[in-house]
Student: 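Quick one: structure below, then a few questions.
Not measured: the values here are computed from a predicted model. Every heavy atom of this structure was used, including side-chain atoms; hydrogens, water molecules and symmetry mates were not.
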Amino acid sequence: MNAQRLNSKRLSHTEHAVLRTIITHEGISRAHLAEKLNISMPTIASALKRLHELRYVTQSHGVFNSTGGRRPDAYAFAYSRCICVGVLVRKGTAHFVSTNLRGDVGSRQSVSLDSFGASDFYDGLALAIESFIESSQIDTRHLRGIGVTVASHAALDEASEARLRRTIESRLSYPVRIMREPFALAAAETLFNPGITDAACLYLNATMSSAFIRGGRYMRSAVFAEHTRLYPAVFAVSSVSVASSAELRQRCECGQYGCAQLYCSSQALLSALGIRDAHVREFIDHVRDGDYTHAKVLSNYMDSLALLIHNIQMIVNVPVILGGEVARYLDSSDLSDIRARVRALAPKMLAGSAGAAGAVGMGVTGAASVSSVSGVSSVSGTRMVIKSQCTPEQAIIGAAYVLAQDYLDSLLAV
């Protein structure tokens with residue numbers, strides 16, 4: 001990040017203040033800049049001239065209405081000045097995109113690699129990133145960093161993450177961020193919906209994953225909602241539908257029983273009651289066609305999902321964003337159904353002081369719990385359940401956007 005900060009330090013205090021105001025008030029006029037900063041018009045003009053020369057800002061002529069004479073110009077941050085590369089490693093393939101600060105994709109490419117962790121994987125990925133930057137003809141003066149996400153979070157331990165970062169940085173002198181895929185997905189949520197500041201994200205894929213957003217940034221946390229105990233053995237399940245007591249005795253890969261992973265993943269949906277649909281879309285098609293068995297399984301699944309959402313919002317009253325394969329095929333009526341199920345749980349789960357603590361059932365692998373997600377503020381008003389955009393390139397765009405956020409933070413820093 002040092003190179004980024006040196007670029008911003010070339011600016012004077014006034015120029016920096018003008019740039020920060022333009023970033024936070026896109027399309028602002030010269031007169032409004034002078035008013036907000038309490039700086040004379042000639043000083044504003046001088047600062048804008050230098051910012052334009054350094055290509056920090058763009059100028060649109062005659063945008064605002066005028067009572068007479070020349071119409072005022074508008075100034076905005078030059079998003080093309082910030083180019084970031086996103087990398088997604090999945091099943092022996094590396095996918096690359098270049099994006100600007102808005103998340104607009106400039107170029108994309110995919111290449112085959114050795115399996116993650118193989119002896120030639122690290123050097124091969126670093127070389128592939130270098131080749132992508134060259135072949136995409138990215139202006140390296142504006143390249144702000146490289147974000148890498150790995151689909152298999154089980155493979156991304158601290159040692160492999162450190163080795164991957166060292167290998168990339170040895171070939172390329174840019175900031176590098178390595179992150180689990182749900183963190184990259186959550187970063188993209190803040191790009192797609194800038195109004196979200198705090199949220200819990202649930203990604204309902206074959207292997208369920210989760211992330212928390214705080215202050216418009218994903219939290220690098222060891223607290224994962226997928227390993228909360230949704231149905232503890234001591235919890236008498238009366239308000240939700242569960243297939244059988246045997247189902248409650250399933251052991252999660254984390255070693256616990258009753259984890260949300262076992263009930264809210266797409267694999268849980270597709271394997272319930274002997275259903276063997278190949279894809280969530282096929283399953284949902286059966287539901288839309290009125291098949292009773294599929295509809296019943298989906299109803300049970302939504303009960304479990306609603307319980308998980310309720311439990312999270314009992315601890316941190318924030319919107320819950322649903323993404324992944326299951327969420328992709330849920331429509332507005334399905335979301336309304338889930339919201340209704342969450343609301344219906346509240347009075348039942350809160351009945352009695354003992355019930356409140358027991359019903360939440362938020363045991364997590366190790367000593368951590370969702371209640372330890374400190375600093376995630378409450379949101380006033382109705383608790384929300386939101387559907388993610390579920391775009392195919394969401395993770396890779398999110399990985400790049402994390403670096404764009406870092407660069408923007410460096411410009412906004414006082």
Student: Check Arg144 with Asp406, please: is the shortest side-chain N to carboxylate O separation under 4.0 Å?
Tutor: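 Salt bridge flag = no for Arg144 with Asp406.
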
Student: Main chain of Ala128, side chain of Ser131: is a donor-acceptor contact present, judged purely on distance under 3.5 Å?
Tutor: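 Not a single qualifying donor-acceptor pair exists.
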
Student: Does a salt bridge link Arg220 with Glu161, judged by any charged N lying under 4.0 Å from a carboxylate O?
Tutor: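 Between Glu161 and Arg220 there is a salt bridge, with a charged N closer than 4.0 Å to a carboxylate O.
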
Student: Strictly by modelled atom types, are Ser107 and Ser98 linked by a side-chain donor-acceptor pair under 3.5 Å?
Tutor: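 Looking only at side-chain atoms, Ser98 and Ser107 do form a donor-acceptor pair, the distance falling under 3.5 Å.
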
Student: Verify the neighbour count for atom CZ of Arg288: are there more than 12 heavy atoms of other residues, nucleotides or ligands below 6.0 Å?
Tutor: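 Atom CZ in Arg288 is crowded, with more than 12 foreign heavy atoms closer than 6.0 Å.
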
Student: Quick one, Tyr329 with His279, criterion ring pair (Phe, Tyr, Trp, His ring centres under 6.0 Å). Give me CA distance, side-chain angles, the key distance, then yes/no.
Tutor: CA-CA 11 Å; Tyr329 298 102; His279 194 274; 5.7 Å; yes

Student: For side chain to side chain contact (heavy atoms under 4.5 Å, CB included), just list the numbers for Thr149 and Val89, CA-CA rounded to whole Å, side-chain angles, deciding distance to a tenth of an Å, and then say yes or no.
Tutor: CA-CA 6 Å; Thr149 183; Val89 178; over 6 Å; no

Student: Is the shortest side-chain N to carboxylate O distance from Arg30 to Asp73 below 4.0 Å?
Tutor: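 Result for this pair is no, no salt bridge flagged.
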
Student: Got a sec, which residues hit ring-ring contact (aromatic ring centres under 6.0 Å, His included) with Phe121, two or more places apart in sequence or on another chain?
Tutor: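 Testing Phe121 for ring-ring contact (aromatic ring centres under 6.0 Å, His included), a comparison that skips the adjacent residues, returns Phe116.
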
Student: Test side chain to side chain contact (heavy atoms under 4.5 Å, CB included) on Leu298 and Leu269; report intermediate values, then the result.
Tutor: CA-CA 7 Å; Leu298 181 62; Leu269 179 67; 4.2 Å; yes

Student: Can you find a heavy atom in the side chain of His52 that is under 4.5 Å from one in the side chain of Lys49?
Tutor: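 Not touching, per the 4.5 Å side-chain cut-off.
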
Student: What heavy-atom pair brings Ile396 and Val87 nearest, and what distance separates the two atoms?
Tutor: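 Closest heavy-atom pair between Ile396 and Val87: CG1-N, 3.8 Å.
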
Student: Are Gln394 and Glu189 close enough that a side-chain donor and a side-chain acceptor fall under 3.5 Å?
Tutor: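 Looking only at side-chain atoms, Glu189 and Gln394 do form a donor-acceptor pair, the distance falling under 3.5 Å.
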
Student: Keeping the roles fixed (side chain from Thr140, backbone from Leu143), state whether a donor-acceptor pair exists under 3.5 Å.
Tutor: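 No: the side chain of Thr140 does not pair with the backbone of Leu143.
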
Student: State the CG-CG distance between Leu345 and Asn311, to the nearest 0.5 angstrom.
Tutor: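 One gets 8.0 Å once the value is rounded to the nearest 0.5 Å.
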
Student: Sequence neighbours excluded, which residues qualify as ring-ring contact (aromatic ring centres under 6.0 Å, His included) partners of Tyr401?
Tutor: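 Partners of Tyr401 under the ring-ring contact (aromatic ring centres under 6.0 Å, His included) test: none.
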
Student: Return yes if some donor-acceptor pair links the side-chain N/O of Ser46 with the main-chain N/O of Pro42 below 3.5 Å, else return no.
Tutor: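 It does not hold such a pair.
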
Student: Which atom names give the shortest non-hydrogen contact between Val318 and Gln313, and what distance separates them?
Tutor: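 Closest heavy-atom pair between Val318 and Gln313: O-NE2, 2.9 Å.
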
Student: Within this structure, what is the CZ-CG distance for the pair Arg180 and Leu185, rounded to the nearest 0.5 Å?
Tutor: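 One finds 10.0 Å between CZ of Arg180 and CG of Leu185.
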
Student: Donor-acceptor pair, Gln261 side chain versus Met208 backbone, under 3.5 Å?
Tutor: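 Between the backbone of Met208 and the side chain of Gln261 there is a qualifying donor-acceptor contact (under 3.5 Å).
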
Student: Using a cut-off of 6.0 Å, state whether more than 12 heavy atoms not belonging to Glu393 lie near its atom CD.
Tutor: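 Correct, the count exceeds 12.
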
Student: I need the Thr167 OG1 to Leu127 CG distance, nearest 0.5 Å.
Tutor: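 If I round to the nearest 0.5 Å, the distance is 12.0 Å.
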
Student: Using side-chain heavy atoms (C-beta onward) and a distance below 4.5 Å, is Arg177 in contact with Ile146?
Tutor: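 Sidechains of Ile146 and Arg177: no contact.
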
Student: Can you check whether Phe283 reaches Val326 side chain to side chain, under 4.5 Å on heavy atoms?
Tutor: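 No, every pair of side-chain atoms sits at 4.5 Å or beyond.
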
Student: Looking at Glu325 and Arg328, does any basic side-chain N land under 4.0 Å from a carboxylate oxygen?
Tutor: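 Looking at Arg328 together with Glu325, the answer is yes, because their closest N to O distance falls below 4.0 Å.
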
Student: State whether the side chain of His25 and the backbone N or O of Thr21 hold a donor-acceptor pair below 3.5 Å, judged by distance alone.
Tutor: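 Yes.
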
Student: Just by distance, do the side chain of Asn205 and the backbone of Thr207 share a donor-acceptor pair under 3.5 Å?
Tutor: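 No: the side chain of Asn205 does not pair with the backbone of Thr207.
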
Student: Should Tyr218 and Gln405 be marked as a side chain to side chain donor-acceptor pair (under 3.5 Å) after you check the CA-CA gap, both sets of side-chain angles, and the distance that decides it?
Tutor: CA-CA 11 Å; Tyr218 80 84; Gln405 287 178 313; over 6 Å; no

Student: Salt bridge or not for Asp285 and Arg281, using N-O below 4.0 Å?
Tutor: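 Salt bridge between Asp285 and Arg281, a charged N being under 4.0 Å from a carboxylate O: no.
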
Student: Go through the steps for Leu11 and Arg50 under the test side chain to side chain contact (heavy atoms under 4.5 Å, CB included), then give the verdict.
Tutor: CA-CA 9 Å; Leu11 304 177; Arg50 182 145 193 271; 3.9 Å; yes

Student: Could you walk me through whether Ser299 and Arg341 pass the side chain to side chain donor-acceptor pair (under 3.5 Å) check?
Tutor: CA-CA 10 Å; Ser299 181; Arg341 292 172 193 246; 3.2 Å; yes

Student: Sequence neighbours left out, what pairs pass salt bridge (charged side-chain N to carboxylate O under 4.0 Å, His left out) with at least one residue falling in residues 116-138?
Tutor: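 Matches after skipping sequence neighbours: Glu130-Arg171.
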
Student: Quick one, Asp331 with Ser333, criterion side chain to side chain donor-acceptor pair (under 3.5 Å). Give me CA distance, side-chain angles, the key distance, then yes/no.
Tutor: CA-CA 6 Å; Asp331 60 22; Ser333 63; 2.6 Å; yes

Student: Indicate yes or no: at least one non-hydrogen side-chain atom of Val320 is less than 4.5 angstrom from one of Leu308.
Tutor: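 Side chain of Val320 against side chain of Leu308, heavy atoms only: no contact under 4.5 Å found.
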
Student: How far apart are the C-alpha atoms of Val85 and Ile133, what are their side-chain angles, what is the distance that settles it, and do they pass the side chain to side chain contact (heavy atoms under 4.5 Å, CB included) test?
Tutor: CA-CA 8 Å; Val85 170; Ile133 292 171; 4.2 Å; yes

Student: Which heavy atom of Ala225 sits nearest a heavy atom of Ser210, and at what distance?
Tutor: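 Scanning both residues completely, I find the closest heavy atoms to be N-OG, 2.9 Å.
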
Student: Mind checking the CD1-CG spacing from Ile321 to Asn193? Nearest 0.5 Å is all I need.
Tutor: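 The CD1 atom of Ile321 sits 7.0 Å away from the CG atom of Asn193.
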
Student: Measure across Ser304 and Leu230 and return the closest heavy-atom pair with its distance rounded to 0.1 Å.
Tutor: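 Closest approach of Ser304 to Leu230, heavy atoms only: O-CD2, 3.5 Å.
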
Student: Before giving the answer on salt bridge (charged side-chain N to carboxylate O under 4.0 Å, His left out), spell out for Asp409 and Arg217 the whole-Å C-alpha distance, their side-chain angles and the decisive distance to 0.1 Å.
Tutor: CA-CA 11 Å; Asp409 287 346; Arg217 301 290 190 271; 2.6 Å; yes

Student: So which heavy atom on Ala206 is nearest to which on Ser265, and how close?
Tutor: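 Scanning both residues completely, I find the closest heavy atoms to be O-CB, 3.5 Å.
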
Student: Would a 4.5 Å heavy-atom cut-off, applied to side chains only, mark Ile338 and Leu322 as touching?
Tutor: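 Of all side-chain heavy-atom pairs linking Leu322 with Ile338, at least one is under 4.5 Å.
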
Student: Rounded to the nearest 0.5 Å, what's the gap from CG on Asn317 to CD1 on Ile312? Could you check?
Tutor: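 Answer for the CG-CD1 pair, Asn317 versus Ile312, is 12.0 Å.
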
Student: Return yes if some donor-acceptor pair links the side-chain N/O of Tyr263 with the main-chain N/O of Tyr301 below 3.5 Å, else return no.
Tutor: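 Side chain of Tyr263 to backbone of Tyr301: no pair is present.
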
Student: Report the relative orientation of the aromatic rings in Phe96 and Phe132; use parallel for angles under 30°, tilted for 30 to 60°, perpendicular for over 60°.
Tutor: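 The arrangement is parallel - the two ring planes meet at less than 30°.
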
Student: State, without any angle test, whether Thr43 and Ser40 hold a side-chain donor-acceptor pair at a distance under 3.5 Å.
Tutor: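 Present: a donor and an acceptor within the cut-off.
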
Student: Using a 6.0 Å cut-off, check whether atom CD of Glu53 has over 12 heavy atoms from anything other than its own residue.
Tutor: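 Counting other residues, nucleotides and ligands, CD of Glu53 exceeds 12 neighbours.
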
Student: With a 4.5 Å limit on heavy-atom distance, are the side chains of Leu88 and Glu181 in contact?
Tutor: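 Side-chain contact under 4.5 Å: yes.
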
Student: State, yes or no, whether a side-chain contact exists between Pro319 and Val385 at a heavy-atom distance under 4.5 Å.
Tutor: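 No, side chains not in contact.
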
Student: To the nearest 0.5 Å, tell me how far Arg229 CZ sits from Cys259 SG.
Tutor: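 If we round to the nearest 0.5 Å, Arg229:CZ and Cys259:SG are 8.5 Å apart.
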
Student: Can you see which heavy atom on His95 is nearest to which on Ser110, and at what distance?
Tutor: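 Looking at all heavy atoms of both residues, the closest pair is ND1-OG, 2.7 Å.
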
Student: Does the pair Asp139/Arg81 count as a salt bridge with the N-to-O cut at 4.0 Å?
Tutor: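 No, no charged N to carboxylate O under 4.0 Å.
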
Student: Does the side chain of Ile28 reach to within under 4.5 Å of the side chain of Ile22, using non-hydrogen atoms?
Tutor: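 Touching, per the 4.5 Å side-chain cut-off.
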
Student: Return yes if some donor-acceptor pair links the side-chain N/O of His294 with the main-chain N/O of Ile284 below 3.5 Å, else return no.
Tutor: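 A pair under 3.5 Å: no.
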
